[in-house]
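Here the structure comes first, spelled out in structure tokens, and everything after it is commentary.
Not measured: the values here are computed from a predicted model. For the numbers below, each heavy atom of this structure counts, side chains included, while hydrogens, waters and symmetry mates do not.
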There are 2 protein chains.
Amino acid sequence: MKNKPDQNACPATATMALIGGRWKTIILYILSDHTRRFGEIAARMPTISRKVLTEQLKELEADGLISRTQYKEIPPRVDYAMTELGNSLTPILNDIADWGKEKVLGQTL
Amino acid sequence: MKNKPDQNACPATATMALIGGRWKTIILYILSDHTRRFGEIAARMPTISRKVLTEQLKELEADGLISRTQYKEIPPRVDYAMTELGNSLTPILNDIADWGKEKVLGQTL
DNA sequence: TTTTACTGTTACATTTACGTAACCAGTTAC
DNA sequence: GTAACTGGTTACGTAAATGTAACAGTAAAA
């Protein structure tokens with residue numbers, strides 16, 4: 001893992017080191033129900049630059065939350081998918097989305 | 001609310017606008033089981049500067065997640081507590097902490 | 001009279017995050 | 001032979017986040 005925690009760290013901090021930041025939760029949420037190509041992720045996140053998206057994907061992969069599969073095709077095709085570790089976050093990601101729907105966007109579930 | 005969402009925003013993004021960032025989840029986690037004074041929060045977060053802690057607390061208050069109570073005493077005493085809205089996040093905060101304990105820190109629950 | 005306690009604020013500097021624009025590779029379609 | 005497709009990378013500049021250090025204010029204690 002890229003973000004190595006120290007053992008007496010706050011457990012909430014430990015999690016947020018992996019999924020915090022402006023983009024990672026969104027990326028994981030997008031991947032939580034689908035394997036997706038780079039371009040598909042980018043299309044669902046119109047406000048992130050390709051450069052930063054690449055960086056975030058690399059970090060998520062380094063942290064073991066997603067996997068990257070590159071096919072030997074031209075034009076290139078790259079798939080991103082949740083790993084087992086990433087999938088263990090899915091309930092939390094759904095709760096986060098549900099909370100946002102209900103409490104922030106004011107949509108009834 | 002300070003962070004006004006637009007209606008067709010990603011619900012995960014909507015939540016992360018309120019609790020994202022390096023510090024807010026930690027602050028909320030610290031307050032989730034206790035009303036605490038400014039100094040108590042600071043003592044539990046040794047690496048945040050007082051200036052930034054003040055800013056984050058103000059934003060959390062502006063977003064309706066915590067409340068601030070200032071007592072007319074010298075030396076000053078200020079309490080921070082979860083609001084009802086903040087408390088509705090508690091299950092998520094606990095899940096985040098549990099996930100960090102188990103998956104990142106490697107502690108068995 | 002000086003210090004301590006507590007919760008800040010302010011000015012300033014620095015670090016980190018993010019964006020923009022240009023460029024690359026290799027095959028296919030025009 | 002040139003453009004388009006896809007998933008990037010690189011150089012560069014800007015914006016946001018955070019830190020540091022000093023200061024404020026008032027009562028009680030030393």
Side-chain angles (χ1 to χ4, degrees), chain A residues 2-5 9-10 12-13 16-28 30-31 34-63 65-81, chain B residues 2-5 9-10 12-13 16-28 30-31 34-63 65-81:
Chain A
K2 180 209 158 200
N3 298 297
K4 52 245 151 158
C10 165
T13 307
M16 296 315 285
L18 300 190
I19 69 169
R22 195 133 88 208
W23 306 114
K24 286 182 181 173
T25 310
I26 322 299
I27 296 172
L28 292 170
I30 288 173
L31 290 179
H34 262 296
T35 292
R36 294 203 189 275
R37 302 180 59 168
F38 181 86
E40 294 179 306
I41 303 171
R44 281 167 176 74
M45 302 179 68
T47 61
I48 194 176
S49 66
R50 272 182 313 168
K51 179 202 153 207
V52 173
L53 179 54
T54 304
E55 287 170 3
Q56 302 290 306
L57 288 169
K58 274 185 188 166
E59 290 184 16
L60 288 169
E61 191 195 0
D63 286 333
L65 295 170
I66 66 174
S67 63
R68 197 187 99 110
T69 309
Q70 184 169 8
Y71 298 91
K72 294 173 183 56
E73 300 177 1
I74 295 293
R77 179 158 68 99
V78 179
D79 274 353
Y80 291 92
Chain B
K2 180 210 160 201
N3 299 298
K4 53 247 148 157
C10 165
T13 307
M16 295 315 283
L18 300 190
I19 70 169
R22 196 133 88 207
W23 306 114
K24 285 182 181 173
T25 310
I26 322 300
I27 297 172
L28 291 170
I30 288 173
L31 290 178
H34 263 295
T35 292
R36 294 205 188 274
R37 304 181 57 169
F38 181 86
E40 292 178 307
I41 303 171
R44 282 168 176 73
M45 303 178 68
T47 62
I48 194 178
S49 67
R50 274 181 311 168
K51 179 201 154 209
V52 174
L53 179 54
T54 304
E55 288 170 3
Q56 303 289 308
L57 289 168
K58 273 186 187 165
E59 290 185 16
L60 289 169
E61 192 194 0
D63 286 333
L65 295 171
I66 65 173
S67 63
R68 197 186 99 110
T69 308
Q70 184 168 9
Y71 298 92
K72 295 175 182 56
E73 300 177 1
I74 297 294
R77 178 158 68 100
V78 179
D79 275 352
Y80 292 92

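With sequence neighbours left out, the side-chain contact (heavy atoms from CB on, under 4.5 Å) criterion links B:T25 to A:M16, B:I19, B:L93, B:I96.
Between A:E73 atom CD and D:dC5 atom C1' there is a gap of 12 Å when expressed in whole angstrom units. Straight-line distance from the CD1 atom of A:I48 to the C1' atom of C:dA17: 11 Å, rounded to whole Å. A straight line from CZ of A:R36 to C1' of D:dG7 spans 17 Å, rounded to a whole angstrom. What separates CZ of A:F38 from C1' of D:dG8 is a distance of 7 Å, to the nearest Å. Between A:E55 atom CD and D:dT10 atom C1' there is a gap of 11 Å when expressed in whole angstrom units. Rounded to whole Å, atom C1' of C:dG8 lies 15 Å from atom CG of B:D79. Rounded to a whole Å, the CG atom of B:L53 is 10 Å from the P atom of D:dG19. When rounded to the nearest whole Å, the span between NZ of B:K51 and C1' of C:dT14 equals 11 Å.
Between A:L57 and A:I74, the residue whose closest nucleotide on DNA chain D is further toward the 5' end is A:I74. Along DNA chain C, the nucleotide closest to A:P76 and the one closest to B:E40 are compared, and the more 5′ of them pairs with B:E40. Of the residues near DNA chain D, A:R22 and A:P75, the one whose nearest nucleotide (by heavy atom distance) lies more toward the 5' end is A:P75.
Distances from the side chain of B:R68 to the nucleotides C:dC18, D:dT18, C:dG8 place C:dG8 closest. Side-chain proximity of B:S49 to the nucleotides C:dT7, C:dG19, D:dT20 is greatest for D:dT20. Residue B:Q56 has its side chain nearest to D:dT18 when only D:dT18, C:dT9, D:dG7 are considered. With D:dT18, C:dT9, C:dC18 as the choices, the nucleotide that has an atom nearest any side-chain atom of B:K58 turns out to be C:dT9.
Residue B:Y80 is classed as a sugar-phosphate contact, given heavy-atom separations below 4.0 Å to backbone atoms only. Among the heavy atoms of the strands, none lies under 4.0 Å from B:K72. Within 4.0 Å (heavy atoms only), B:R50 reaches at least one base atom of the nucleic acid.
We find that B:K51 and B:E55 are joined by a salt bridge, their nearest charged nitrogen and carboxylate oxygen being less than 4.0 Å apart.
Between A:W23 and C:dA17, a side-chain N or O to OP1/OP2 separation shorter than 4.0 Å is absent. Between B:R77 and C:dT7 there is no side-chain N or O to OP1 or OP2 distance below 4.0 Å.
The two residues A:V78 and A:R68 have their closest heavy-atom pair at CG1-CG, 3.6 Å. Contact detail for A:A12 and B:I26: the closest heavy-atom pair is C-CD1, 3.8 Å.
Within the 4.5 Å cutoff, side-chain heavy atoms of A:W23 are placed close to those of A:T47.
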